Amino acid sequence: MSLLKEKVRALKERLLDPFSVDGLEKEFEELLSYVQKAEPDELLAIRDEFEEVKTLLSRNLEIISGGLKPLLREGQDSFFSRRV
Amino acid sequence: MFGASFGVISQALEIYRKSLDIYNRNVLNANNPDYVQEDPLVESFAPAGINFREVKREQNIYYLNLRNTKLSLVRYLEERSNLLANVEGIFQELLDGTGINDYANRFFKAYLDLMKDPTNQGAKNELVTSAKALSGFLNEKVKDIDRLNQSTDYTLDDAVSRANELIRKLYILNKDITVGYAQTYARGRDYKNLLDTRDKYLRELSELINVNIQEDDIGRVKLTTSKGFALLDYTDSYWQLEYAGGRLLWRSKSSPPVDITDVVESGKIKALLDAREDLSRFKEELNDIAKYLISTVKIPRENSNSWFLIQNVDDPTLALSNYGLDGNLDFYDNSTSPPTLISSITNYGSLSLNDLANAINTDPALSGVGISATVVNNPDGTYTLRIDVPLGSYSITDSGNNFFESSPVFVGNDASDISPVSTLDSDLDDLDYALTDNFSDFANGWWQSTKGYVNTLISDISDTQADVKDKLRIEDALLQSLDRRLQEMQGVSIDREFMEIMKVRRTYEAVAKIVSTIDELIQTTLNM
């Protein structure tokens, strides 16, 4: 399996957990460098899995933004507690 | 003066004791997944002393609701995957020599061997044995599917009863929360242990069926299914579900029950409802194999006195030429030497199957000697024509090579009752050796179609399972992550949590930019 394919697969696995972001940016920068050097047939081979990475990424952004929404809407006091 | 001081000290001690109670509760419930850490909020009341304001629950309601939604989805996928594993077990495709492919292959091979060597008694015996084994396998598998369907029904009954019980318990809990809130209003509002019980019930209910949860200011809940069928309306009312006739019904208070089978999206109940559909589809696919074999597989005969149109047609009202079938049928009286031509039907391709049957049945020269034609409606929905002649003295020739004296190998309506014809043994002693090459060619045609039906069934089972397992892997990882997150957040300060979420969000935003660049690069390179 090419390094590019391995990287995409590993990132797909990492994105399954939306809260695990340590070093994530760096890993995507690495992926970018692989993509820049890749041949068209290599890119073709990872296209479907890269689409899955995009889907997971947008799902995770949605989850994180969802967690922030109550805070931004109602203020910090109501964020963690059910009001009494 | 001292009296006032003692009052303050006693109040402080009472608050200290209450705070200790709350911390103890936190420690005792350290391993309870539904327990939410509580913190006593104490405020200064200078110059009089301190006051116990409220017990605060440390919980992000957004993640909790998302966790319950995902829990419902994961339970759905797990249950469905387990049931599909049972189906895989029934068909045993993974074990060599025991799957449907093996039984079908063995029968086809025996058929071809006999057509190659029609006098071979061993080949005849093997054809009978393999036909019995194949039809027996199909009978047995349909029974297994029916049994699995029945057990799914029982489990569904139980799951619906359990969901009803939880809805009723939550209704009572809503009332208890109202009372608890009123009773503890002036004493720190320490009724939140009820909310832990409530969360436990909500989690259990989510495992059974996906529900939308609305919470009021004091923690009572309103529950609806997808598309808004009410299950619980705070303290006002609750509704029950019913499982009947393979359908999930929502029992209305004032009108007949409403079928919400297609409304439910996840949870164990949805998995079981979908499993019933899966099982019914697999059974139909199994039936397709049996129906096709019954409708198609025939052997060439010397003295069956029945001529069949070997190729089945979909529409008996369409001219046969549309199916590439044409020729002249000549009917002979064999009692004379040479045989006497008693009637002919030329270019039957211009006639439909119904018209051809009619032409034979209304021909006085044919009906007068007892020759008749019947349009046979095959179990697989196709049609064929059977021409019966009186024993011994008449024969038919077809210049188009579409009608042959022959007889079917299998009888029945579907996989539940398919069996070899009772006369198969003696039928095989009456093989027309002159036609075995033709029937070998036909066999290659029906074999390809049979394999197609078998593959449809096998890939349906394995593809459905693979799809479910893939989704389960993704959703289970998210569920575990959310559970971890909810646990980690216990006792974490608001500021720290806010900073952490902002950090995660910033990382994702930075990653999104890189992904966008990668995406553009891929698009540009591949569209070069």
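Per chain, numbering begins at 1; letters A, B, ... match sequence-line order. Source: prediction; values computed, not measured.
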Calculate, to the nearest 0.5 Å, the distance between atoms [atom1] and [atom2] belonging to [X] and [Y] respectively.
X: Ile63(A); Y: Tyr62(B); atom1: CD1; atom2: OH; answer: 6.5 Å
X: Met502(B); Y: Ile64(A); atom1: CE; atom2: CD1; answer: 11.0 Å
X: Gln36(A); Y: Thr525(B); atom1: CD; atom2: OG1; answer: 10.0 Å
X: Leu479(B); Y: Leu16(A); atom1: CG; atom2: CG; answer: 12.5 Å
X: Ile501(B); Y: Phe19(A); atom1: CD1; atom2: CZ; answer: 7.5 Å
X: Arg59(A); Y: Leu478(B); atom1: CZ; atom2: CG; answer: 4.5 Å

Q. What option among Arg484(B), Gln480(B), Glu509(B) has the most heavy-atom pairs under 4.5 Å with chain A?
A.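 Top option by heavy-atom pairs under 4.5 Å: Arg484(B).
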[X], part contacting chain B, at a heavy-atom distance under 4.5 Å:
X: Phe50(A); answer: side chain
X: Glu39(A); answer: neither
X: Glu27(A); answer: neither
X: Asp41(A); answer: neither

Q) Where does Leu66(B) contact chain A at under 4.5 Å (heavy atoms): side chain, backbone, both or neither? A)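 Looking at Leu66(B), just its side chain touches chain A.
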Q) Given that the side chain runs from C-beta out, which part of Lys503(B) has a heavy atom under 4.5 Å from chain A: side chain, backbone, both or neither? A)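 For Lys503(B), the side chain is the part near chain A, not the backbone.
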Q. Is any side-chain N of the basic residue among Arg47(A) and Asp519(B) closer than 4.0 Å to the acidic one's carboxylate O?
A.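 No, Arg47(A) and Asp519(B) are not salt-bridged.
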Q. Are Arg506(B) and Glu25(A) ion-paired here, with the side-chain N under 4.0 Å from a carboxylate O?
A.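 Not counted as a salt bridge, because no side-chain N and carboxylate O are separated by less than 4.0 Å.
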Q | ring-ring contact (aromatic ring centres under 6.0 Å, His included) partners of Tyr171(B), counting only residues at least two apart | A |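 So Tyr171(B) forms a ring-ring contact (aromatic ring centres under 6.0 Å, His included) with Tyr238(B).
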Q. Heavy-atom count around Glu62(A) CD within 6.0 Å, excluding the residue itself: above 12?
A.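 Result for CD/Glu62(A): open.
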Q) Is the count of non-hydrogen atoms from other residues, nucleotides or ligands lying under 6.0 Å from Lys469(B) atom NZ greater than 12? A)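 Check fails, neighbour count at 12 or below.
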Q.
Does any part of the side chain of Ile46(A), heavy atoms only, come nearer than 4.5 Å to the side chain of Ile522(B), both counted from C-beta?
A.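 Ile522(B) reaches Ile46(A) side chain to side chain.
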Q | Donor-acceptor pair, side chain of Tyr508(B) and main chain of Pro18(A), under 3.5 angstrom | A |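 Between the backbone of Pro18(A) and the side chain of Tyr508(B) there is a qualifying donor-acceptor contact (under 3.5 Å).
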Q: For chain B, find which of Leu61(A), Leu31(A), Asp17(A), Leu56(A) contributes the most heavy-atom pairs closer than 4.5 angstrom.
A: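 Heavy-atom pair counts peak at Asp17(A).
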Q. Which residue, Ile518(B), Leu526(B), Leu521(B), forms the side chain to side chain contact (heavy atoms under 4.5 Å, CB included) with Leu43(A)?
A.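 For Leu43(A), the side chain to side chain contact (heavy atoms under 4.5 Å, CB included) test succeeds with only one of Ile518(B), Leu526(B), Leu521(B), which is Leu526(B).
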